[in-house]
Structures are given as structure tokens and as C-alpha cells.
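I have placed the structure first, in the form of C-alpha cells, so that the comments after it can refer back to it.
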Amino acid sequence: MPEGHSIRHLANLSDTAFKSKKITATSPQGRFAEEAAVIDQKQMTGAGAHGKHLFLKFDDEYAVHVHLGLYGWLHFNRGTQGKPKDTVRLRLSTDDFYADLIAPTACALLRPNGVEKILKRLGPDPIHPNANLEHAWDKIKKSSKSIASLLMDQSVIAGIGNVYRAELLFRSNTSPFTPGSQMTKEKFESIWKDSVELLKLGSIDGKIRTVKPEHISEEEIKLHGCSQNSYVYKQTGGFCRICSDTVRQETHAGRELYWCPTCQN
DNA sequence: AGCTCATGGCGAG
DNA sequence: TCGCCCTGAGCTG
């Protein structure tokens, strides 16, 4: 399930499988049939990712805009095509690869100006090498909203979701309830830099990894057979692995927030 | 078989 | 702030 790292990952896979290739497009589910017919047999000129938005470009004339929402995914397969499930909104294929789009919140055929319109309402994406953190900082420093809400606001920073939010705030010892206006620039810059690293790391295989190797204890590995993969996200009621305080959970602006009150203040 | 939950985001009120 | 949309995994019975 997707935050910005997944979208970068899927854009990379799309380029590997489809860039500069003539694509066959179908909509087994039927809900994208007319649009699929438009791009069918066109060349994919490349994939773009910004935050949680994926853009698949065709002949530099059309782009398929995909937003996966909570449940969506783009499944890549190699080799002979199997029969698609009837929930597949869009199947893209060549002789070598096929990719099935499942349960997207958004899947729309756009012209280039439609893409620009979407990009305009998004904040900088930390995973982009040329992203400008000042755009995010300008909004944060003026806001009375909590840093927890601001990190989830895609018009402030694009690509952070509920897992990265919780883990970034923990890793920087930041209270989630700090108003943006009370953040220091140094603190924000450290969160930004950390998000660059974590998103890049996650985009390699589409998996979120936020726990430093030194915080995955031998005991834990023995006990669970594998490392626990977060500091606070979904660790409610468990002991913080740094200070042993109890990890808290609370609904905050409609989403579950996880934090350690001792480490994060 | 049915229920619940999930790493999102939109529009109504 | 709530309800709703998209789907599937992991429970419960």
C-alpha cells in the first residue's frame, strides 16, 4: 500500500517494462475501456511520479493519471499473460511484460495541461533531486496546524503518508502536536533530509524501512523470527525500543497517529 | 459467508 | 468531521 516510495518504485518498473515500447491497453473491468482504446497501440514515452501520483505518458500527447488511494496497486508480471481478474481497471502489456491496475482511487486520461494542473496543487516531493524544501517550509512556518497534519498535507509536502509521518516524527524526536509556526528551520530541514533518505530507500523495492539496524535487537529477531519494522507505527501499547515508555495512539484530524511521548517532545 | 481494517482523498454539511 | 469510494487479507463463525 502506497506512499511516495511506492509510486517512485512503480514509475521505475513502468519505465523498465514499457518505456519506448508500443503498448497494448485494455480495461478488463470495463470502467476505463474508452480511455484504454485511445492509448492502445501508442508508444509509452515514460513514467513520472510526484508524491502519490503516477503519470504514464503516451506519445507525449496523453497521460494516464493514477492515484492508488488506500488499496490500489499496479501489479507487474513477466511473460505470458494470464486471464485478468475482473477487478483489473487497466492492463498494459507488451510481448514481455504486463501490468494490472487494481482499485485505484483515480485513473484518468489527461492531456499534458491536465498533468500540470495536478502538479500545481502539490507541494515538493522529497524524492525529486531538484525538489525545493523552501516551498514546504514557507507554508509550515506560517501555519498553526500541527506538524503531524502538515506532513500529511500533500499541498505542503507530496508523498508522505501515515507510516512515514509517524516514523519521521519519531526519528527526529518531534512532538506530533508542535504547531508549524513553532517548528525551527533546523528541525524541519532534518525531517526533510530524513524523508529524502527514507523515501529513496523505500523506492528500491516499494517497501517502507525506517528502523536503524542498531535498533533491531538480537532478542527481537529471535523472538519474532524477523525484525519489527517500525518504531511507533502500529506499535500501540508496546514499549518504545529507545526509552521503554508505552507507544500511544490517537485519532488526529481523521487519521491514526502513533508516537512516543517521552522520545517526542 | 460475513465482518473489519488498511500506508488516501474527496465532497457534503 | 463524517461518509463514501476503490479491493483484498485476515480474522470470525
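Labels below follow one simple rule: chain letters A, B, ... track the order of the sequence lines, proteins then strands, and each chain is numbered from 1.
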Need one value for A:L68: base, sugar-phosphate or nothing, where a base atom within 4.0 Å counts as base even if backbone is also close, heavy atoms only.
nothing
A:K234 near the nucleic acid: base, sugar-phosphate alone, or nothing, with a heavy-atom cut-off under 4.0 Å?
sugar-phosphate
So that I can tick it off, tell me whether A:K57 and A:D60 are bridged by a salt bridge, with the cut-off set at under 4.0 angstrom between side-chain N and carboxylate O.
no
Please encode protein proximity along nucleotides 7-12 of chain C as a string of B, S and -, counting only heavy-atom distances under 4.0 Å.
BS----
Set of residues satisfying salt bridge (charged side-chain N to carboxylate O under 4.0 Å, His left out) with respect to A:D95, sequence neighbours excluded:
none
For A:Q43 and A:F58, indicate whether the former's side chain and the latter's backbone hold a donor-acceptor pair under 3.5 Å.
no
Under 3.5 Å, is there a donor-acceptor pair between the side chain of A:H5 and the main chain of A:L199?
no
Mind checking the [atom1] distance from [N] to [M]? Whole angstroms is fine.
{"N": "B:dG9", "M": "C:dA9", "atom1": "P", "value": "23 Å"}
{"N": "C:dC5", "M": "B:dG13", "atom1": "P", "value": "15 Å"}
{"N": "C:dC6", "M": "B:dA1", "atom1": "P", "value": "22 Å"}

Taking side chain as C-beta onward, heavy atoms only, is A:T24 less than 4.5 Å from A:D40?
yes
If you draw the axis of the six-membered ring of A:Y231, does the NZ or CZ of A:R241 fall within 45° of it and under 6.0 Å from the ring centre?
yes
For chain A, the stretch of DNA chain B it reaches, first to last nucleotide, under 4.0 Å of its heavy atoms:
B:dA6 to B:dC10
With rounding to the nearest 0.5 angstrom, report the CG to CD1 distance, A:L54 to A:I7.
6.0 Å
Assert yes or no for the condition that the ring centre distance of A:H75 to A:Y98 is strictly below 6.0 Å.
no
